[in-house]
Amino acid sequence: MSKPRVIYWFRTDLRLHDSPALKAALDLEPECLYPIWTWDPHYVYRARVGPNRWQYLLDCQNDLSQSITRLNSKSKLLLIREAPQTLFPKLFKAWNVTHLVFEKDTDAYARERDEQVVALAKKAGVEVIVKTGRTLYDPDELVKHNHGKPTMSISQVQAAGKKIGEIARPIPAPKELPDPGNTDLHFEQEKPSNEPDINAIQRDGNEASYLSLAGPNGDFAVPTIEELGLKEVTTPHRGGETIALKMLDDIIADETYTATFEKPKTAPTAFEPQATTLLSPHMHFGSLSCREFYWRVQDVVSDFKGTASQPPTSLTGQLLFRDMYFGAQAALGYSFGQTYNNPQCRFIPWHLPSKIDTESGLITGDYLVDNAEADVYFKRWKHGRTGFPWIDGLMRQLKDEGWIHHLGRHAVACFLTRGGCYVDWERGAEVFEEWLIDHEAACNIGNWQWLSCTAFFAQFYRCYSPIAFPQKWDKEGNFIRKYVPELKNFDKKYIYEPWKAPIADQKKWGCRIQGEGSETSDVTLYPKPMFDFSTRREICIQGMKNAYHIGLYGNDPKVLNGTWRELFDDNAEGPTEGEKGPPGAMVECKDADGHEENGDNEPPSPKAVKKMAVKSEKKAGHKREASQSTLDNAVTRKKKKGAEIFPNETHFG
DNA sequence: TGGACGGTTGAATAT
DNA sequence: GATATTCAACCGTCC
């Protein structure tokens, strides 16, 4: 009997150390092992991926390929540019494959894809081996031991984990690898459709990833950013297992840091160096195993002489949160990523709700503008032009570097949703998906639900102040001086609220506080705050209180069919007007019009807002655009400029 | 059953 | 300046 001919399919496990699936492949003692990566059009065209995360992925692939070659000079990572669903049947035949091995992936899309691939393998007579390795526990096992329910708290994860048993010790990297065997591709490439191409906005060159199966040189090489047509890479953070293991070594060498780490005490304002480990993107791409991290930390903690920190605030506690979100996603599938039809997610009538495909019950990736002012808030938030230096600094760091501290993510997420803009958390999650180099769908979705108080967390009256909160760590405002350089000369007294600085001082410090964020290149200008924070906070808290009182969840029939509006006052915050409407929080009208300008640009008090809301006119057959007529006026003016500010926002509204 | 309690990371004020 | 208390009051879990 001939020896196995094995394809090892790399996906979210771009490493050689502690890979249970790779070990399973090698345990077959194969005649040949093909280490492959399939260039999935889902990632190229459908998921939101900015140039920085692309670069990180390419780093990981290059490093892995070199590591493979070090173990066997005939081998490397073979990148094949076709969708796995169409490629595998041809590949099985061409390479006479007997086994396909890969690491389990419980993401909603990945499950669908892998089910298809397994079925194709079965049809071709290829044996499939799938091993869990991405998380501390198999997410499906966590769910099973949590009474079949999504894991929604750390105590549930701990209880379920206890039943599953001890977390596995890491497996050493292989010392040798079999030859890959014949790599001829004597078959036609099936080019995937690039419609819709959600990543078009990430490119300024020609996207050439599918020109040929084995790449432009026919050598299966990792593509370049240029080949993918992507815009400039700006992050200083680089990927790859070699870097990841070095970073881990450095962390572990500092025993006190490792053993006494408490996440809530780390400073979101710290840079060079940051206060946390920066290992999250390595976890995402699998260039570092979470069990490797867990046990290296745990062994330091066990030997530590002082008082070590405990989960959930300790380093290992961070991994439990990750597993919790994976467990929630594993149980809920696609519905985890949206409010609509999600039994665990509270329904809040946020502004800028997602469009819903009523056939599938899934969000489309596009959204509706129920309120022009909220859309301006959202775009100014996204591009770091809110006029709140703490928020703008974080958003600029996110856009440029692809990483911000966890508490910084809290600050901007609270601000966009329940603590300022009252904009749908799904909008924020999409921006993070686009820009974060460590974007992990489960964790990102879960954290946005947490911060928006729609799941996992409920204390919506605990609201992050963009002025007071950062001062807990950075009274001098050094973070602001780095990421909002317009304000670098401002006195610390005004650094978090520069609009309060006297005009004479503003001139002296070389930056005037004026305008609405349209001047993006002029460093002598910084915008006025886009609203009065305490006013907006009151409006939001009232809105949350009201929505909590009504108490709907995403799978409520009234949410599914749109009759939830019967339960909300027409003047409540959000697209609440009328007794009937489209499903979810969808709205029929998109653009505000016909409002007169007045010169008053001051934010209204909560009382004034209430009064204006009562006065606002209703037009028959035409939904109200915003709850406050005066705010509409201010917005109409902003909106015209807004269209010029963000010319690239083609996929929005 | 209902009341106590915990919930990784608030803010303002008092000591 | 650091730490404790109060603020107003949410949810889900647990006994």
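In what follows, chains carry the letters A, B, and so on, assigned in the order in which the sequence lines appear, proteins first and then strands, with residues in each chain numbered from 1.
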Rounded to the nearest angstrom, tell me the gap between atom CZ in Arg462(A) and atom C1' in dG6(B). 11 Å

Would you check, one step at a time, whether the test ring pair (Phe, Tyr, Trp, His ring centres under 6.0 Å) holds for Phe347(A) with Tyr553(A)? CA-CA 5 Å; Phe347(A) 175 77; Tyr553(A) 283 79; over 10 Å; no

From the options dA9(C), dG7(B), dC11(C), select the nucleotide whose nearest atom is closest to the side chain of Gln459(A). dG7(B)

Face-on cation placement of Arg346(A) at Tyr548(A) ring, 6.0 Å and 45° thresholds: yes

Atom CD of Glu538(A) and atom P of dA9(C): how far apart are they, to the nearest Å? 10 Å

List the steps, then state whether ring pair (Phe, Tyr, Trp, His ring centres under 6.0 Å) holds for Phe533(A) with Tyr496(A). CA-CA 12 Å; Phe533(A) 176 70; Tyr496(A) 291 107; over 10 Å; no

Quickly work out the Phe460(A) CZ to dC10(C) C1' distance and round it to whole Å. 5 Å

Under 4.0 Å between any heavy atoms, over every strand shown, what does Arg346(A) touch: base, sugar-phosphate, or nothing? Just pick one. sugar-phosphate

Tell me which nucleotide among dT8(B), dT9(B), dC10(C) gets nearest to the side chain of Ala458(A). dC10(C)

Could you check whether Trp473(A) gets within reach of a base, just the sugar-phosphate, or nothing at all, counting any heavy atom under 4.0 Å? nothing

With the stacking rule set at 5.5 Å and 30°, tell me whether Phe457(A) counts as stacking on dC11(C). no

Closest approach to the side chain of Tyr461(A), judged atom by atom: which nucleotide of dG10(B), dA12(B), dA9(C) is it? dA9(C)

Rounded off to whole Å, could you give me the CE-to-C1' distance for the Met324(A) and dT8(B) pair? 10 Å

What nucleic acid atoms does Gln156(A) come within less than 4.0 Å of, heavy atoms only: base, sugar-phosphate, or nothing? sugar-phosphate

Regarding Glu262(A), tell me which of base, sugar-phosphate or nothing describes its non-hydrogen contacts under 4.0 Å with the strands shown. nothing

Taking only side-chain nitrogens and oxygens of Lys265(A), does any of them come within less than 4.0 Å of OP1 or OP2 of dT8(B)? no

Rounded interatomic separation in angstrom, taking CZ from Phe415(A) and C1' from dA11(B): 17 Å

Could you tell me whether the side chain of Ile167(A) reaches within less than 4.5 Å of the side chain of Trp295(A), counting heavy atoms only? yes

Rounding to an integer number of Å, can you tell me how far Leu451(A) CG sits from dG10(B) P? 11 Å

Return the nearest nucleotide to the side chain of Tyr548(A); candidates are dT9(B), dG12(C), dC10(C). dC10(C)

Assign Phe456(A) to base, sugar-phosphate, or nothing according to its heavy-atom contacts below 4.0 angstrom with the strands shown. nothing

